[in-house]
Amino acid sequence: MMNALIDARPEWADQDVFEADREKILRYGTSIGLSVEELLRVTEPDVILGLWTAAEAAQAED
């Protein structure tokens, strides 16, 4: 899974960058009604990237 994520977002090879974006994904996911447990069970790279994209878009609107 991480290889697919790093292929899509090479900066995620840096652990600090990935963890910061992971926190952003978790905050966004909980803001749309998902539980942290549900979010932590997500392993599909396309879903993770979709959540990250949506989190970025929501942040840009703020």
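Numbers for residues simply follow the sequence, beginning at 1.
- Shown here are the side-chain contact (heavy atoms from CB on, under 4.5 Å) partners of Thr43, two or more places apart in sequence or in another chain: Met1.
- Closest approach of Leu49 to Ala8, counting heavy atoms only: CD1-CB, 3.5 Å.
- Met2 CE to Gln15 CD: the interatomic distance, rounded to the nearest 0.5 Å, is 7.0 Å.
- Every residue was checked against the salt bridge (charged side-chain N to carboxylate O under 4.0 Å, His left out) condition with Glu61, not counting sequence neighbours, and none meets it.
- Remark: Asp14 pairs with Asp16, Val17 by the side-chain contact (heavy atoms from CB on, under 4.5 Å) rule, at least two apart or across chains.
- With sequence neighbours left out, the side-chain contact (heavy atoms from CB on, under 4.5 Å) criterion links Thr30 to Val36, Leu39.
- The ring-ring contact (aromatic ring centres under 6.0 Å, His included) pairs that include a residue from residues 17-48 are Trp12-Phe18, where partners are two or more places apart or lie in different chains.
- Within the structure, every pair that satisfies the salt bridge (charged side-chain N to carboxylate O under 4.0 Å, His left out) test and touches residues 41-58, not counting sequence neighbours, is listed here: Lys24-Glu56.
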